[in-house]
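One structure is given below, encoded as structure tokens.
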Amino acid sequence: MEKNIVLIGFMGSGKSVIARELAKRLKVEMISTDALVEAREGQLIHEIFKSKGEAYFRNLESDIVREISSRRGVIIDCGGGVVLRKENLPHLKANGIVFYLQATPEVIYERIKHEGHRPLLKTPDPLGCIKELYQQRLPLYNQADHVIDANDASIEGPIVEILKKIQ
Ligand code: S3P
């Protein structure tokens with residue numbers, strides 16, 4: 001596999017599980033931008049947001065994206081907000097095929113409502129917040145090379161579709 005497979009989409013769209021499974025089936029390395037940010041900073045993401053703020057996190061995320069975009073033949077699991085900095089997607093596309101895992105705000109909410117570690121959703125109205133962020137980000141996510149339906153609870157559909165597209 002020459003090109004990278006890059007997964008983008010809202011938190012809860014299944015990027016990490018799908019990335020892990022693709023890596024297993026294709027026997028290639030999987031890289032997570034969130035994990036690399038945490039490793040570099042020695043802090044969890046919600047702690048970075050709290051102590052240093054979102055802009056600091058986004059800078060780190062962009063540094064990581066620039067660095068890993070030179071890799072080849074790996075699966076890249078991106079944080080949900082990676083599309084917010086306009087330089088990130090062109091970097092990721094340079095050596096990669098970008099897949100947007102699309103799931104509706106309602107599906108996303110159901111998947112993540114019990115998780116306490118999402119800094120952007122620590123609000124009294126998480127579904128409203130998801131809907132708002134979703135609308136803002138949709139045009140950015142749609143700049144992916146392919147849109148994959150990730151609303152189903154099973155990851156098999158998205159996996160098969162992605163594998164078909166890269167063949
Ligand atoms: C974020 C999504 C998170 C993480 C951070 C910000 C976002 O990644 O990068 O909390 O802005 O949507 P996941 O999509 O992997 O949860």
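Each ligand, and each atom within it, is numbered from 1 in the order the structure gives. Both backbone and side-chain heavy atoms feed into the values below; hydrogens, waters and symmetry mates do not.
- Of all protein heavy atoms, the one closest to atom 16 (O) of ligand 1 is Arg118 NH1, 2.3 Å.
- Within the listing of ligand 1, atoms 7 (C), 12 (O), 13 (P), 14 (O), 16 (O) sit less than 4.0 angstrom from a heavy atom of Met11.
- Side-chain atoms of Asn151 come within 3.5 Å of backbone atoms of Thr104 as a donor-acceptor pair (strictly under, hydrogens ignored).
- The shell of residues lying under 4.0 angstrom from ligand 1, judged by heavy atoms, includes Arg58.
- Checked against a 3.5 angstrom limit, the closest N/O atoms of Gly12 and ligand 1 fall outside it.
- Side chains of Ile8 and Val98 form a contact here, defined as non-hydrogen atoms less than 4.5 Å apart.
- Looking at Arg137 against ligand 1, only its side chain comes within 4.0 Å, counting heavy atoms.
- Near Phe57, with a cut-off below 4.0 Å to any heavy atom, the atoms of ligand 1 are 9 (O).
- Looking only at protein heavy atoms, the nearest one to atom 8 (O) of ligand 1 is Asp34 OD2, 2.8 Å.
- Of the listed options Leu133, Ile45, Ile130, Ile45 places a heavy atom closest to atom 10 (O) of ligand 1.
- Residues Leu26 and Leu163 meet the side-chain proximity criterion, which asks for heavy atoms closer than 4.5 Å.
- The aromatic rings of Tyr100 and Tyr141 sit parallel, their planes meeting at an angle under 30°, below the 60° perpendicular limit.
- Between the CD atom in Gln43 and the CD atom in Glu38 there is a gap of 9.5 Å [rounded to 0.5 Å].
- Nearest to atom 14 (O) of ligand 1 among the protein's heavy atoms is Lys15 NZ, 2.6 Å.
- Panel note: side chain Lys15, backbone Leu101; no donor-acceptor pair is recorded below 3.5 Å.
- Neither the backbone nor the side chain of Glu38 comes within 4.0 Å of ligand 1, counting heavy atoms alone.
- With rounding to the nearest 0.5 Å, the separation of CG in Leu84 from CZ in Arg58 is 5.0 Å.
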